[in-house]
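Worksheet: the structure to be examined is printed underneath.
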Amino acid sequence: MGVGTAGPVAGGGPIAVTLGAFDAHRPPSAELVADCVHCGFCLPTCPTYVLWGEEMDSPRGRIHLMQQGLQGEPMTDSMVGHFDACLGCMACVTACPSGVQYDRLIEATRAQVERRHERSTSEKAYREGIFALFPYPSRLRKARAGLRLYQRSGLSRLVRRSGVLDRLSPTLAAMESLAPQLGRAEPIPSRTRARGTKRGTVGMLLGCVQREFFPGVNAATVRVLSAEGFEVVAPPAQGCCGALSSHSGREEEAQRFARDLIAELERADVDHVVVNSAGCGSAMKDYVHLLADDPEWAGRAEALSAKVRDVAEILFDAGPVSTRHPLDVTIAYHDACHLGHAQGIRSQPRELLRGIPGLTLREIADRDICCGSAGVYNILNPVPARELGDLKAANVLATGAELLVTANPGCLMQVASSIERSGRTMALAHTIEVLDASIRGLPPTSLGIPGTAVTVPPQ
């Protein structure tokens, strides 16, 4: 049993750190654990506590389990179950008056779980299957082709109506229901020139799910950045940023993805790196911590992290130069957790959207509660994810808005699935797609809002 450095607990006493549940490689910090004073401000913001009212499924409850592990308690199935149930939404970080860095704690804990906890053979195989597919754009591209054929054949509608997958496997049913309706691929040029006066050169993360399942978002991102005076460099060989791996405790895998992407973007030699997926942006801004122990990469990671900007962040900071044409539409804006809570970006996308003439923005009740997507949470934990998705969908529909706008592919898939399950319909779009429609002078129908058919002009 390894021994770690002692630290204070709430109230001033020491923690005798014996690392029972954890090994000596980056265990959850005793000092950070001690920052929690168990005040309870996190409770109403925690999705799993909201669902179940169970103390050990709240942030302070999980921190208590971490403390027990540091004091010598073994890593039990029950302990792991409470850690696995956490969505990693970081709403508790926003709510905490003591500045508890729960994000650091849960990420360190999950890495320990992945190394030290023996999962069942079936669970291990399922998780390995997920991580053998989603972080690899080339593999997703092949899966996309089969999925698009499945959707166009009409078989997807038949399967959903029958409910056969729900009876056979809730996890497979969750994966099938989350798949967005796929259109044509939209390849991104490796370099796109700025229109008008050039204001800078930015690299662009293409992503994995974003690139293959939401290609229109990347295409809109390039058009808007170009229209706003930015030259866009999108290295075609870039791979995964490592977000899914990092947020799931797969530390070495995440570090490998991060090193490869850093090297690729370094060669691009850009002023900033623009990201249009909230989870990816959060992970890339955290490279400085992910690779802090690597003497060869720590400095390079810090330099890259300092360049990363969410697309709403960089557009807001630069200010608009292209004309915004009117869009007469009422939208509900959903804060993706890794944009609002993890990156603190809330006002920028709202102000960009409010800058569009004719657009009305409505807020969603309980907007700080996660929709249940949380990376791969909704396919690893489909039942609570579905409950959270249904709660979010009900609040979204209650706004009476015509269009739901958010900034993360997982959120788009999750809320779309829940709205469909409710028997209602609603158009959904990424923030950048709304800005793109306004700049190009397109009508609301271009965003999927019912109305008179429209022919979209050539790009």
Side-chain angles (χ1 to χ4, degrees), residues 45 47 87-91 94 134 174-175 177-181 205 207-218 220-221 241 243-244 247 275-283 310-313 331-346 348-350 352-353 361-382 384-399 401 403-422 424 426-434 447-448:
T45 70
L87 289 93
C89 69
M90 307 309 156
T94 299
F134 285 99
M175 290 181 72
S177 68
L178 289 167
Q181 194 65 34
L205 179 76
C208 301
V209 171
Q210 192 84 286
R211 187 185 326 193
E212 300 304 329
F213 284 9
F214 295 94
V217 173
N218 279 351
T221 301
C241 69
L244 290 181
H247 297 154
V275 185
N276 57 21
S277 171
C280 299
S282 172
D310 182 76
V311 65
E313 189 179 13
I331 72 163
Y333 179 77
H334 165 62
D335 289 282
C337 292
H338 276 89
L339 192 63
H341 297 308
Q343 298 184 60
I345 297 172
R346 297 182 181 83
Q348 298 94 321
R350 286 176 167 83
L352 290 171
L353 291 165
L361 188 151
R362 292 180 180 170
E363 296 292 350
I364 301 167
D366 295 328
R367 70 185 194 185
D368 287 336
I369 299 293
C370 183
C371 68
S373 172
V376 293
Y377 185 92
N378 50 5
I379 53 180
L380 290 173
N381 302 277
R386 177 176 287 201
E387 291 182 62
L388 291 168
D390 290 348
L391 288 172
K392 181 65 68 175
N395 286 333
V396 168
L397 292 166
T399 66
L403 179 70
L404 173 66
V405 178
T406 190
N408 199 56
C411 298
L412 287 170
M413 291 190 287
Q414 174 76 356
V415 181
S417 174
S418 293
I419 289 175
E420 180 181 343
R421 192 162 49 251
S422 76
R424 305 274 295 277
M426 188 177 192
L428 294 91
H430 191 288
T431 310
I432 202 70
E433 292 179 298
V434 182
L447 297 168

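No hydrogens, no waters, no symmetry mates; every other heavy atom, side chains included, goes into these values. For the single chain, residues carry numbers from 1 onward in sequence order.
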Exercise: identify the closest heavy-atom pair between [X] and [Y]:
| X | Y | result |
| --- | --- | --- |
| V275 | G281 | CG1-N, 3.5 Å |
| Y377 | A385 | CD2-CB, 4.1 Å |
| I364 | L404 | CD1-CD1, 4.0 Å |
| K392 | D366 | NZ-O, 3.5 Å |
| T431 | P349 | CG2-CB, 4.3 Å |
| L352 | A312 | CD1-O, 3.5 Å |

For the atom pair [atom1] ([X]) and [atom2] ([Y]), what is the distance rounded to the nearest 0.5 Å?
| X | Y | atom1 | atom2 | answer |
| --- | --- | --- | --- | --- |
| I369 | C337 | CD1 | SG | 8.5 Å |
| H341 | T94 | NE2 | OG1 | 5.0 Å |
| N276 | R211 | CG | CZ | 11.0 Å |
| S418 | N395 | OG | CG | 11.5 Å |
| E313 | Q343 | CD | CD | 6.5 Å |
| L205 | C280 | CG | SG | 5.5 Å |

Counting N and O atoms only, with roles assigned by atom type, does the side chain of [X] sit under 3.5 Å from a partner on the main chain of [Y], one being a donor and the other an acceptor?
| X | Y | value |
| --- | --- | --- |
| N408 | A278 | yes |
| S282 | G279 | no |
| S417 | M413 | no |

Are any of the side-chain heavy atoms of [X] and [Y] separated by less than 4.5 Å?
| X | Y | result |
| --- | --- | --- |
| L412 | F213 | no |
| L397 | S422 | yes |
| L339 | D310 | yes |
| D368 | T45 | no |

With Y333, which of R346, R367, R350 fulfils side-chain contact (heavy atoms from CB on, under 4.5 Å)?
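For Y333, the side-chain contact (heavy atoms from CB on, under 4.5 Å) test succeeds with only one of R346, R367, R350, which is R350.
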Begin from the C-alpha positions of L244 and V209 and carry the test side chain to side chain contact (heavy atoms under 4.5 Å, CB included) through to its verdict.
CA-CA 11 Å; L244 290 181; V209 171; 5.5 Å; no
